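Read through the structure below, which is laid out as structure tokens, and then see the notes.
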There are 2 protein chains.
Amino acid sequence: MKAKITLKDIARELEVSISTVSKALKNSEEISRDTKEKVQAFAKLYNYKPNNIAISLKNKRTKNIGVVIPDIVHHFFTTVIRGIEKYANAKGYNVIVCLSEESFDKEVINMEMLANGSIDGFIMSLSSETQQKGDYNHLKEVTEQGIPVVLFDRITNEVECDKVIIDDALGAYMATKKFIEQGKTKIALITTDDYLSVSKARTSGYKKALEESGLGVQQSRILKLPSMEMDEQRIGTFLESQEIDAILCVNEIFAVYSMRLAQSKGLKIPEDISFIGFTDGLLSKYANPSLTVVSQHGEKMGEVAAKMLIDKVESEDDEETYQTKILEPTLVIRDSIFH
Amino acid sequence: MKAKITLKDIARELEVSISTVSKALKNSEEISRDTKEKVQAFAKLYNYKPNNIAISLKNKRTKNIGVVIPDIVHHFFTTVIRGIEKYANAKGYNVIVCLSEESFDKEVINMEMLANGSIDGFIMSLSSETQQKGDYNHLKEVTEQGIPVVLFDRITNEVECDKVIIDDALGAYMATKKFIEQGKTKIALITTDDYLSVSKARTSGYKKALEESGLGVQQSRILKLPSMEMDEQRIGTFLESQEIDAILCVNEIFAVYSMRLAQSKGLKIPEDISFIGFTDGLLSKYANPSLTVVSQHGEKMGEVAAKMLIDKVESEDDEETYQTKILEPTLVIRDSIFH
DNA sequence: TATCAACACGAAACCGTTTTCGCTTAATAT
DNA sequence: ATATTAAGCGAAAACGGTTTCGTGTTGATA
């Protein structure tokens, strides 16, 4: 086992000072050609690499960014991470991933762990518990310490920081309009409880499209499901009790699950009933029929978030100006609607 | 913006030495009750938290573990990460995730970045390019430096380190046996190219089951697909050219995609043709019919890998004994076969 | 021959901790 | 009264780098 070599080792071996070695490796003008060559050759031979920790301590910069998300077994978050990784890596940053598992406490603990020097900034999406509680003190503390934060997707207005979202309302609006264009009039919405910022936005876009088209909103056509667990009973009765010819779902799973239920009741898709979901994941692509979705461009979102964060981290002046980038969603047309 | 407070700040303010503050905060016997109380009160008031980087430098321990995987937009890897995160977090470790994107070079670069002090050990699954090349020098260098490595799922025998895999051969064997039990005799396999260690193992399990049952292996019933991209043409002709009554697929996507193709050709599942895939992801659960799969227990695998790594990191003696843990796969029975 | 740059390098401070060791001071034992 | 001990604290080294500021040597110039 050959341990890592340090500047001190090189200095001792070559009988020069540590400072000389450090400068020689940086190709400083101060050091003679001779010495530089000797040092560099030696360093290369023994595969010297500076210790990241020591440099971090000196520079007060870790080149790590902390990503805190509610769940990783989730296509959207996973694509966002990929986008972040891609941009961050290109800029020489590493990504520390922490999972809040939708828990407020875990979110707080994770942030505290990372905020003590481990990272240069945060990219995060709020846990549902946090959004429900409306307690953002952990975020405020971090920003007050001068640690930049970029919030994405599940955000809040109560924290002053950069933000990236897609226009969820627009996405739902586009989808609903699409149904209407295709002659659907009894359009339902399957969503989650309102405390999730995205669900709220999507519901509003859905309503706006209906009202604009003179169809009007019927509360009975809006089904709120508590969690990610499917409730065959409730969806089943929902499908039967209402005369519905199209359903917008706030996620893939709701959509695919409802499609199967509809099919099992003898309904044909998209003739009898059309479906559009959110999140362009594997499920939509390989569903039968394949599912039309509002794509959230997770990877793009990740890249944008990473860029915003790194720009802030690397900017000299700490002007306190924050921006919110709103990405446009796209409709990915597949077989669950006419085309 | 209130910056983080340091030991030095506390020492200056309280007119004691840095050492005294440090000891007082650790409740050292050396320090008087009085001083300890004063220091601790002050520290709490100003929310003092030790700087992780400084501690890392001192202890030569970062409490970070590096996870290098080929892809994150992939259910299996994602569950493994969750398992790692869970265990690591409970032990006070953070997880740095790096994506090789199936590229050898990226894998190397990522490891080099992290190996210079950023992490205490690696958990990784090899990129396909690495397995194809058979070049494991980057792994060997890291282990020679005394950095512990745990390989999972996509492993190699050429590196001496801890490993965790599921018994892929057994999984395929169990699945194939299941087909046979149910009276299927013309059992096909859809797999990827052989260089992936897991594909090889699965193929061997499939063959073993056939031979054991006296059915014999027919090469024409083994379809090798190059990448993750579906090839409708090839799968289509494969389905038609062979008389097949069951297909084992080495992943979910192959299985779900083939099921749809089979259905579109008028075949009924599972009566005419049965399917079993690998990976118990969303796709299998929500497919129509739902897909029977060999579950790889990704989360468990992650936990086991994290435990192995952290045990090694924290063990005093560096005995060079390595173990390979083999997890048992489980058949998750769903509607794509009889039951 | 005295002066002065330029050159090449080293000493030391610093980043924020931990930890060993030594120094005072006062209390106890002899 | 003197020696011994313990309590309470501080100085300093160490982790591995970077960087500022000297400093000694050299050769050229006045």
Side-chain angles (χ1 to χ4, degrees), chain A residues 3-40 42-43 46-64 113-120 145-146, chain B residues 3-40 42-43 46-64 92 113-120 145-147:
Chain A
K4 286 246 118 177
I5 195 176
T6 70
L7 286 188
K8 195 194 269 188
D9 299 328
I10 303 183
R12 189 181 349 94
E13 220 61 33
L14 263 40
E15 300 187 304
V16 292
S17 77
I18 295 182
S19 358
T20 303
V21 178
S22 175
K23 290 170 193 163
L25 289 174
K26 295 198 126 51
N27 241 319
S28 159
E29 290 301 323
E30 239 180 292
I31 307 296
S32 71
R33 268 185 72 85
D34 252 31
T35 315
K36 279 198 280 195
E37 279 171 9
K38 217 168 41 179
V39 171
Q40 288 170 7
F42 191 92
Y46 286 92
N47 192 32
Y48 169 79
K49 294 278 165 51
N51 181 306
N52 291 332
I53 300 294
I55 293 181
S56 293
L57 184 58
K58 183 99 247 274
N59 298 348
K60 299 181 151 228
R61 290 280 214 71
T62 61
K63 287 253 174 186
N64 286 155
M113 265 192 84
L114 295 181
N116 300 309
S118 298
I119 48 104
D120 296 339
Q145 277 172 34
Chain B
K4 287 245 117 179
I5 195 176
T6 70
L7 287 187
K8 196 195 270 187
D9 299 328
I10 303 184
R12 189 180 350 92
E13 220 59 34
L14 263 41
E15 300 187 303
V16 292
S17 76
I18 295 181
S19 358
T20 302
V21 177
S22 175
K23 290 170 195 163
L25 290 175
K26 296 196 127 51
N27 240 319
S28 159
E29 291 302 320
E30 238 179 294
I31 307 296
S32 69
R33 268 186 73 84
D34 250 32
T35 314
K36 280 198 280 194
E37 277 171 10
K38 216 168 44 180
V39 172
Q40 288 171 6
F42 191 92
Y46 286 93
N47 193 30
Y48 169 80
K49 294 280 164 52
N51 180 305
N52 292 332
I53 300 293
I55 293 181
S56 293
L57 182 59
K58 185 98 247 278
N59 298 349
K60 300 183 147 225
R61 290 279 215 70
T62 61
K63 287 256 176 182
N64 286 155
M113 267 192 83
L114 295 181
N116 300 310
S118 299
I119 49 103
D120 296 338
Q145 279 172 33
I147 303 179

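Remember, predicted model here, so these are calculated numbers, not experimental data. In what follows, chains carry the letters A, B, and so on, assigned in the order in which the sequence lines appear, proteins first and then strands, with residues in each chain numbered from 1.
Distance, B:E29 CD to D:dC9 C1': 15 Å, rounded to whole Å. The CG-P distance, from B:L14 to D:dC9, rounds to 11 Å in whole Å. Following rounding to the nearest Å, A:K4 (NZ) and D:dG16 (P) show an atom-to-atom distance of 12 Å. The distance from atom CG of A:L7 to atom P of D:dC15 is 13 Å, rounded to the nearest whole Å. The nearest whole Å value for the distance from the NZ atom in B:K38 to the P atom in D:dC9 is 8 Å. Atom NZ of A:K8 is separated from atom C1' of D:dT18 by 15 Å (rounded to the nearest Å). Atom CD of A:E30 and atom C1' of D:dT19 are 9 Å apart (whole Å). What separates CG of A:N52 from P of D:dT18 is a distance of 11 Å, to the nearest Å.
A donor-acceptor contact shorter than 3.5 Å links the side chain of A:N52 to the backbone of B:M113.
Using a 4.0 Å heavy-atom distance criterion, A:S32 is classed as a sugar-phosphate-only contact. Within the 4.0 angstrom heavy-atom criterion, only backbone atoms of the sugar-phosphate kind lie near A:K60; the bases stay farther away. B:S22 comes within contact range of at least one nucleobase, with a heavy-atom separation under 4.0 Å. B:T35 comes within 4.0 angstrom of the backbone, heavy atoms only, and of no base.
A nucleotide of DNA chain C counts as in contact with chain A when one of its atoms lies under 4.0 Å from a heavy atom; the first and last such, 5' to 3', are C:dA8 to C:dG16.
Taking 4.0 angstrom as the limit, A:Y48 places a side-chain polar atom (N or O) nearer than this to OP1 or OP2 of D:dG17.
Residue B:S17 places no side-chain atom within donor-acceptor reach of the base of D:dA11, judged by atom type and a 3.5 Å distance cut-off alone. Side-chain N/O atoms of A:K23 and base N/O atoms of D:dT20 include a donor-acceptor pair closer than 3.5 Å.
For B:T20, the side-chain atoms get nearest to D:dC9 when compared with the rest of D:dG16, D:dC9, D:dT20.
Of the residues near DNA chain D, A:A54 and B:E15, the one whose nearest nucleotide (by heavy atom distance) lies more toward the 5' end is B:E15.
Direction of the helix axis in the helix from C:dT1-D:dA30 to C:dT30-D:dA1 shifts by 80° between the two five-pair termini, rounded to 10°.
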side-chain hydrogen bond (donor to acceptor under 3.5 Å, both in side chains) assessment of B:S19 paired with B:S22
CA-CA 5 Å; B:S19 358; B:S22 175; over 6 Å; no

